[in-house]
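Step one of this worksheet: look at the structure below.
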Amino acid sequence: MKKIAFFDAKPYDKIYFTPLSEEYGYKIKYFESKLNEDTVSMATGYDAVVAFVNDTLDKEVMNALHRAGITIVAMRCAGYNNVDFEAAYKKIHIVRVPAYSPYAVAEHAVALLQTLNRKIHRAYFRTRDFNFTLNGLTGFDLHGKTVGVIGTGKIGRVFIDICRGFGMKVIAYDPYPTEGIDYVSLEELCQQSDIISLHCPLSKSTHHIINETTLSMMKKGVYLINTSRGALIDSEALVEALKSGQVGGAGLDVYEEETDFFYEDRSGKVILDDILARLMGMPNVLITSHQAFLTHEALENIAQTTMENLDAYFNDKPLVNEICYRCSKFGTCDRKNQNRCF
Ligand code: NAI
């Protein structure tokens with residue numbers, strides 16, 4: 001029976017993975033620790049590693065996994081900015097779950113927007129304290145507002161459909177446009193949008209795509225929503241823009257330094273990250289802990305595709321969800337010819 005080392009495991013992962021792994025005939029060992037240089041030795045003796053968004057899969061960890069005899073890492077997520085593909089190439093196959101529920105993430109983006117806009121988070125605490133006043137809770141109609149969508153892939157397009165349902169005008173920026181969407185330059189998007197939502201991956205070209213310069217181009221009071229990756233936004237610049245009122249509200253499901261905090265209970269500890277603490281202290285900032293994916297449907301699909309990916313690997317079937325440094329860098333690799341990247 002193949003043995004799988006499952007890192008950064010949470011109770012809700014086990015609910016979906018355990019029954020499926022039994023069905024497939026694999027034995028999963030759940031490790032609560034994140035995968036990193038200190039914990040990688042725990043993978044010794046296993047046949048595969050399952051990892052998540054805040055695990056560290058850099059060169060050191062890849063080399064250590066390789067020395068431990070691991071030949072496949074199954075990412076149970078879509079994004080892969082935490083993976084050093086060059087270090088993994090020809091040593092460790094990397095598979096992922098390219099799509100599990102674009103609805104989960106897009107709907108969470110809308111939930112952040114509407115909670116912030118209509119001040120639901122503040123109203124909730126007031127009414128629980130029998131304070132039924134409305135001062136300071138005024139929002140705005142979404143109908144008629146312009147929303148700028150950066151990245152019109154699977155999630156961005158679902159988000160656009162929802163926004164159109166609200167009667168909003170949608171404009172978008174994406175270097176790879178698709179039909180039926182009104183594209184503009186990034187600069188025009190910043191200048192024209194009342195709300196901006198980020199749905200592009202984190203890469204060298206998108207790192208800090210929201211920075212002092214792009215923030216200064218935006219309409220005063222713009223609402224920013226980020227459910228993609230934290231480092232798309234320069235958080236220091238965001239804090240300044242919130243302080244000056246340039247940004248009127250920020251709904252963040254991700255944060256560039258989230259690895260040390262998100263998915264952990266830090267309630268009894270002093271937060272040492274001054275930027276995070278500053279953001280948390282603002283009434284017009286709403287932070288969730290990288291939970292946009294967290295729906296029943298998404299978790300079910302994540303578990304199913306991850307087990308299918310592992311099963312395909314161990315049974316020499318085509319690895320349809322494999323990704324390597326050459327397919328992401330040159331748009332072509334051996335997978336086209338031999339069903340595997342190498
Ligand atoms: P996708 O690959 O379907 O779409 C990404 C889009 O971004 C593509 O259309 C691509 O052309 C575009 N893009 C690439 N570079 C760009 C640039 N420089 N500027 C603007 N657009 C650019 O990906 P999908 O499934 O829509 O996911 C988007 C992102 O959402 C993922 O990369 C991931 O980081 C994030 N995500 C967050 C989750 C959460 O729980 N918060 C869960 C799942 C994904």
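For ligands, and for the atoms within them, numbers begin at 1 and follow the listed sequence.
Remark: of the listed residues Phe31, Tyr26, Phe17, Phe17 is the sole one forming a ring-ring contact (aromatic ring centres under 6.0 Å, His included) with Phe6.
The protein atom (non-hydrogen) at minimum distance from atom 42 (C) of ligand 1 is Tyr100 OH, 2.9 Å. For atom 9 (O) of ligand 1, the nearest protein heavy atom (residue, atom name, distance) is Asp174 OD2, 2.7 Å. Shortest contact from atom 25 (O) of ligand 1 to any protein heavy atom: Lys154 CE, 3.5 Å.
Interface of Ile150 with ligand 1, defined as ligand atoms under 4.0 Å from a residue heavy atom, comprises 20 (C). Less than 4.0 angstrom separates some heavy atom of Pro175 from each of these atoms of ligand 1: 16 (C), 17 (C), 19 (N), 20 (C), 21 (N), 22 (C). Listed by number with element, the atoms of ligand 1 under 4.0 Å from a non-hydrogen atom of Ser205 are 18 (N). Counting atoms of ligand 1 from 1 in the listed order, those under 4.0 Å from a heavy atom of Thr152 are 9 (O). Atoms of ligand 1 lying under 4.0 Å from at least one heavy atom of Thr206, given by number and element, are 16 (C), 17 (C), 18 (N).
Figure legend: cation-pi geometry between Lys3 and Tyr46, with NZ or CZ positioned under 6.0 Å from the six-membered ring centre and within 45° of its axis.
Distances from atom 19 (N) of ligand 1 to the heavy atoms of Tyr176, Tyr173, Phe293 put Tyr173 nearest. Residue Pro201 holds the heavy atom nearest to atom 5 (C) of ligand 1 of all those in Pro201, Gly79, Ala292, Cys77.
By the criterion of a heavy-atom distance under 4.0 Å, the backbone of His199, and not its side chain, is placed next to ligand 1.
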